[in-house]
Amino acid sequence: MLRQILINNSSMMASWFMLCLVLPMFVTQTESVKDYESALGKSILFYDAQRSGKLPANNPIPWRGDSALNDCVVGGWYDAGDHVKFGLPMAYTTTILLWSMYKWKDSYVKAGQLNQAYDMVKWPLDYFLKAWNPTAHEFVFQVGDETADHNFWGRPEDMTMARPCKKVDVAHPGSDVTAGTAAALAVGSLVFKDKGDTAYSTQLLTAAESLYKFANDYKGLYQTNTYGSTSYKDELCEAGVWLYRATGRAQYLNEAKANAESGYIWAYQLEDKRLACHQLLYEETQDTVQRNGVIDYFNSWLPGGSIQYTPCGLAWAMKWGSLRLAANSAFIALLAAEAGIETDRYRTWAVEQINYILGDNPHDGGCYSYQIGYGSKYPLRPHHRAASCPDKPAPCGYTEANSPAPNPQVLTGALVGGPEEQDNYVDVRTDYVLNEVAIDYNSGFTGALAGIIYLQSTNHMPTTHNKCPCNN
């Protein structure tokens with residue numbers, strides 16, 4: 001649900017807008033230096049903070065413990081600042097993270113984060129394996145009730161409410177959520193095969209193939225109150241390409257082609273993966289139609305297109321999760337550039353969008369990072385229950401939710417929703433639009449960071465011209 005909170009412009013912010021309009025005349029050749037490797041490592045820590053279930057001995061988040069051990073499917077990630085486990089965003093997120101590891105493994109190596117990344121993505125993959133029962137043709141796509149969960153403010157370790165399960169089966173199909181999960185399992189099989197873990201890779205591929213067959217044999221949209229879907233063809237396309245890459249079977253590629261849909265794409269997000277389908281199919285086939293699908297999208301998103309820009313240069317598609325959508329597009333732009341599509345233009349634009357997130361913006365005097373824990377200035381009050389709670393045994397409830405004080409726990413690595421269309425941003429926990437965090441918010445951002453580290457390591461880093469550069 002989209003909820004709007006109006007924020008008034010301050011005179012200080014207005015002054016910054018004027019300054020940012022003037023700055024480019026003097027600093028167009030100035031490049032602000034970002035530590036993309038540090039940002040990548042911090043993003044992985046955010047996913048560690050979202051873990052549900054029995055935590056491992058190497059848990060790096062001291063304020064998180066075991067939780068939801070009686071769920072019908074234990075493990076996985078909590079979706080956002082709440083404690084529901086939603087299948088569609090978890091599958092989408094896992095697919096993007098694995099895609100970035102498949103494409104830019106060396107970036108994780110260079111950042112010293114490869115082992116941490118393997119641990120990160122194995123957590124949801126293990127969960128998907130447990131959620132899918134191929135004998136009964138049942139897949140659990142949600143654990144927890146939205147209403148009961150959203151009426152609780154506290155630590156996930158302290159939950160006592162019922163956590164019902166929702167599932168798809170033959171009588172109640174869900175090709176979108178099951179094919180989306182099959183895509184994650186398929187690319188996971190490739191990543192862990194490359195790691196040398198052939199047994200786990202085979203297990204993932206077997207599950208991916210059976211889950212994809214179920215999605216294809218029993219077509220329909222899954223029934224949900226949250227994260228609905230309007231088509232399942234995009235997920236079937238995505239899964240088909242990854243299964244083709246994992247198996248070499250032409251049937252999967254042919255089915256992916258048949259499920260490719262044309263038409264206007266507003267944004268790359270968990271409800272619409274058509275852009276990913278275009279990109280993947282182009283990489284495999286060099287088909288002009290798929291290439292044009294990618295080009296049409298970025299003609300809309302790059303300056304001069306239909307997407308609005310903030311004064312300091314953020315591609316701003318909507319108020320809810322503005323940074324998420326820009327980062328998702330940056331991720332695909334880097335992939336498209338690597339495939340030979342508008343290479344220089346797309347690389348420059350993608351890096352500029354990530355630079356905006358990491359500090360090339362006017363908030364709080366500039367050099368403000370919208371990734372928590374990066375740099376010296378960043379959000380202190382994300383809308384996140386566990387992070388808002390003090391150390392045990394202190395209580396936690398709506399007093400903490402409504403407190404103006406910074407969160408007692410630092411949610412390192414999380415990307416907040418981001419600013420409004422005039423670069424306005426207020427760090428207030430109760431503003432769950434601008435200060436929301438979620439697993440899908442960090443996915444394209446993480447992938448784009450890996451792509452940029454690759455550019456650095458191969459000496460292909462573009463010269464950027466952010467309108468409000470941070471030079472500290």
Side-chain angles (χ1 to χ4, degrees), residues 20 23-24 27-43 96 99-100 103-104 106-108 110-111 113 268 275 279 294-295 297-305 307 309-317 322-362 366-371 374-375 415 418-419 423 441-472:
C20 288
L23 275 173
V27 296
T28 54
Q29 298 303 315
T30 300
E31 292 185 75
S32 55
V33 178
K34 303 288 184 287
D35 190 343
Y36 304 105
E37 295 178 18
S38 173
L40 181 66
K42 293 179 190 303
S43 195
I96 291 179
W99 191 353
S100 72
K103 186 67 177 179
W104 294 306
D106 288 348
S107 295
Y108 288 90
K110 187 172 186 296
Q113 295 295 324
Y268 175 44
L275 180 63
Q279 177 62 32
V294 175
I295 291 173
Y297 179 83
F298 285 107
N299 282 344
S300 172
W301 266 77
L302 269 64
I307 295 298
Y309 277 72
T310 69
C312 280
L314 172 69
W316 193 92
S322 59
L323 298 178
R324 159 199 48 148
L325 297 177
N328 290 350
S329 293
F331 171 62
I332 300 293
L334 291 170
L335 289 165
E338 195 63 20
I341 305 176
E342 298 276 359
T343 298
D344 294 339
R345 183 171 174 237
Y346 287 5
R347 281 176 175 170
T348 300
W349 179 84
V351 176
E352 287 174 348
Q353 293 303 300
I354 300 304
N355 283 353
Y356 179 101
I357 292 172
L358 293 178
D360 288 355
N361 62 71
C367 298
Y368 187 88
S369 168
Y370 286 107
Q371 183 191 34
Y374 179 92
L415 179 68
D423 292 309
Y441 280 27
N442 268 67
S443 58
F445 175 64
T446 306
L449 290 169
I452 295 171
I453 294 168
Y454 164 79
L455 296 180
Q456 287 183 314
S457 64
T458 57
N459 296 317
H460 288 106
M461 194 70 173
T463 299
T464 54
H465 303 285
N466 283 81
K467 293 185 177 181
C468 299
C470 167
N471 296 308
N472 290 354

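Side chains included, hydrogens not; waters and symmetry mates left out as well; all remaining heavy atoms used.
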[X] side chain near [Y] side chain, heavy-atom distance below 4.5 Å:
{"X": "Ile452", "Y": "Trp104", "value": "no"}
{"X": "Gln279", "Y": "Trp99", "value": "yes"}
{"X": "Leu455", "Y": "Leu334", "value": "yes"}
{"X": "Phe298", "Y": "Ile341", "value": "no"}
{"X": "Pro419", "Y": "Leu323", "value": "yes"}
{"X": "Glu352", "Y": "Asp360", "value": "no"}

Q) How would you list all residue pairs meeting salt bridge (Lys or Arg N to Asp or Glu O under 4.0 Å) that involve residues 325-347, not counting sequence neighbours? A) Glu338-Arg347
Please check if the side chain of [X] supplies one atom and the backbone of [Y] the other of a donor-acceptor pair under 3.5 Å.
{"X": "Ser369", "Y": "Leu358", "value": "no"}
{"X": "Asp106", "Y": "Tyr454", "value": "no"}
{"X": "Gln371", "Y": "Ala39", "value": "yes"}

Q | Non-hydrogen atoms of Pro311 and Asp423 that approach each other most closely | A | CD-OD2, 3.1 Å
Q: Apply salt bridge (charged side-chain N to carboxylate O under 4.0 Å, His left out) to Lys110 and list each qualifying residue two or more places apart in sequence or on a separate chain.
A: Glu37
Q. In terms of side-chain heavy atoms, does Ser107 have a donor or acceptor partner in Tyr36 at a distance below 3.5 Å?
A. no
Q. Looking at Trp349, Tyr297, Tyr268, Tyr346, which hits side-chain hydrogen bond (donor to acceptor under 3.5 Å, both in side chains) with Ser329?
A. Tyr297
